[in-house]
Number of protein chains: 2
Amino acid sequence: MDKEVTNLLREKGFKVTPQRLAIYKILAATKSHPSAEMIFNELQPSYPTMSLATVYKTVDILREIGMIQVLNAGEDSFRYDADTSDHPHVRCLECGRVDDLNNIEFSGFVNEVASKTSYRLTGQQFYFYGICPECQKSTAN
Amino acid sequence: MDKEVTNLLREKGFKVTPQRLAIYKILAATKSHPSAEMIFNELQPSYPTMSLATVYKTVDILREIGMIQVLNAGEDSFRYDADTSDHPHVRCLECGRVDDLNNIEFSGFVNEVASKTSYRLTGQQFYFYGICPECQKSTAN
DNA sequence: GTCTAATTAATAAGGATTTTCCAATTGTAT
DNA sequence: ATACAATTGGAAAATCCTTATTAATTAGAC
């Protein structure tokens with residue numbers, strides 16, 4: 001799986017650095033859709049000299065070469081997802097976590113939109129909002 | 001239609017001011033989902049002394065009383081829509097305009113998500129991205 | 001018409017993310 | 001191994017949307 005980023009980076013003329021691989025690894029290993037700062041914090045132990053600027057520059061490159069997608073679920077910051085497949089997300093309005101919604105069928109919806117709009121569509125983002133199971137418990141008291 | 005805002009404002013204990021009515025009128029009369037600054041600019045001719053702060057405070061109140069909904073289509077700023085019905089939006093990646101997608105059936109999609117997630121859902125936002133007809137023409141050269 | 005609290009206008013301040021800068025370092029082609 | 005261009009790191013700075021502040025004005029109740 002590292003192979004793929006390595007090759008893609010080289011192909012596109014980017015250098016393969018430990019920082020870039022580390023950032024991609026984080027994203028590939030999590031389902032939490034971290035923001036730049038979350039990635040930065042998670043790298044602190046193993047890369048104490050990692051710079052936030054490097055995180056930002058790297059996710060931009062990763063997006064450019066198609067290895068990650070960028071989310072904006074109505075927060076102030078962006079989130080990054082190594083799962084580049086089209087899938088809806090749900091954000092907890094209480095704690096802010098963002099989860100995947102898997103195995104949802106929405107091609108009918110997308111096709112209907114495509115057939116009814118005169119836009120040339122290139123993508124879409126589906127965000128659901130609500131309260132996650134954990135916060136339902138703690139709010140229940 | 002002004003009647004409705006007027007009454008609602010009074011009911012909720014807000015004063016009815018020309019500024020508030022003017023801002024709502026703009027939103028009710030357009031399908032362009034303007035941001036606070038766009039509203040501000042559009043009001044310049046008729047309300048040269050209108051303050052951006054007033055626009056922000058007013059849209060917040062209008063949202064609170066349920067007369068408008070707030071959109072965030074992955075831009076830096078928020079957009080406001082007097083059409084409070086649930087409907088998808090599409091944003092042009094070229095010129096930035098945001099359009100409605102009307103008469104789209106998505107209740108099946110929503111129901112499927114609701115039945116498969118353990119979140120307690122309270123809402124959703126569907127954003128499509130692409131190139132609008134106008135920009136398709138100008139990019140075609 | 002008076003009164004009072006809410007609202008406005010204008011500007012300053014805030015807030016937080018993201019970008020820029022540049023010297024030092026590092027990947028990679030030769 | 002060498003050389004060069006790309007990249008990193010650290011901090012500062014830009015961005016820019018949004019909120020706070022405050023004196024003056026105004027809506028609405030009586």
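Note on naming: letters A, B, ... go to the chains in the order of the sequence lines (proteins, then strands), and numbering restarts at 1 for each one.
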What pairs of nitrogen or oxygen atoms, one from the protein and one from nucleotides 7-9 of chain D, lie under 3.5 Å apart?
from: D:dT7; atom 1: OP1; to: A:Lys15; atom 2: N; distance (Å): 3.1
from: D:dT7; atom 1: OP1; to: A:Arg20; atom 2: NH1; distance (Å): 2.9
from: D:dT7; atom 1: OP1; to: A:Arg20; atom 2: NH2; distance (Å): 3.4
from: D:dT7; atom 1: O5'; to: A:Arg20; atom 2: NH2; distance (Å): 3.2
from: D:dT8; atom 1: OP1; to: A:Thr17; atom 2: OG1; distance (Å): 2.6
from: D:dT8; atom 1: OP2; to: A:Arg20; atom 2: NH2; distance (Å): 3.4
from: D:dT8; atom 1: O3'; to: A:Gln19; atom 2: NE2; distance (Å): 2.9
from: D:dG9; atom 1: OP1; to: A:Gln19; atom 2: NE2; distance (Å): 3.0
from: D:dG9; atom 1: OP1; to: A:Thr49; atom 2: OG1; distance (Å): 3.3
from: D:dG9; atom 1: OP2; to: A:Thr54; atom 2: OG1; distance (Å): 3.1
from: D:dG9; atom 1: O5'; to: A:Thr49; atom 2: O; distance (Å): 3.0

In whole angstroms, the gap separating C1' of D:dT19 from CD of B:Glu37 amounts to 15 Å
Point to revise | Short side-chain N/O contact to D:dT19 OP1/OP2 from B:Tyr56, under 4.0 Å | key: no
So ring-ring contact (aromatic ring centres under 6.0 Å, His included) across residues 59-100 of chain B, not counting sequence neighbours, yields B:His33-B:His89, B:His87-B:His89
Chain B reaches DNA chain C, atoms under 4.0 Å from its heavy atoms, from C:dA5 to C:dA10
Sorted by chain and residue number, the ring pair (Phe, Tyr, Trp, His ring centres under 6.0 Å) partners of A:Tyr56 (sequence neighbours excluded) come out as none
In short, the helix from C:dG1-D:dC30 to C:dT30-D:dA1 is bent end to end, axes from five pairs each side, to 10°, by 50°
Assess whether a salt bridge exists between A:Asp81 and A:Arg79, defined as any Lys/Arg side-chain N lying under 4.0 Å from an Asp/Glu carboxylate O.
no
Residue pairs passing the side-chain hydrogen bond (donor to acceptor under 3.5 Å, both in side chains) test with at least one member in residues 43-53 of chain A, sequence neighbours excluded, are none
note: B:Arg79, atom CZ; D:dT18, atom P; distance rounded to Å ~ 12 Å
Separation of D:dG28 atom C1' from B:Glu11 atom CD, nearest Å, is 16 Å
Applying ring pair (Phe, Tyr, Trp, His ring centres under 6.0 Å) to B:Phe106 and not counting sequence neighbours gives A:Phe109, B:Phe126
For A:Glu105, the side chain to side chain donor-acceptor pair (under 3.5 Å) test, sequence neighbours excluded, returns A:Ser107
Students should find that the hydrophobic cluster of B:Val98, defined by side-chain heavy atoms under 4.5 Å apart, otherwise consists of none
Can you list, pair by pair, the side-chain donor-acceptor contacts under 3.5 Å of residues 10-20 of chain B, counting residues two or more places apart and other chains?
from: B:Thr17; atom 1: OG1; to: B:Arg20; atom 2: N; distance (Å): 3.2
from: B:Arg20; atom 1: NH1; to: B:Lys15; atom 2: O; distance (Å): 2.8

Residues pairing under salt bridge (charged side-chain N to carboxylate O under 4.0 Å, His left out) where one sits in residues 34-45 of chain B, two or more places apart or in two chains, turn out to be none
side-chain contact (heavy atoms from CB on, under 4.5 Å) filter on A:Thr122, not counting sequence neighbours, yields B:Leu93, B:Tyr129
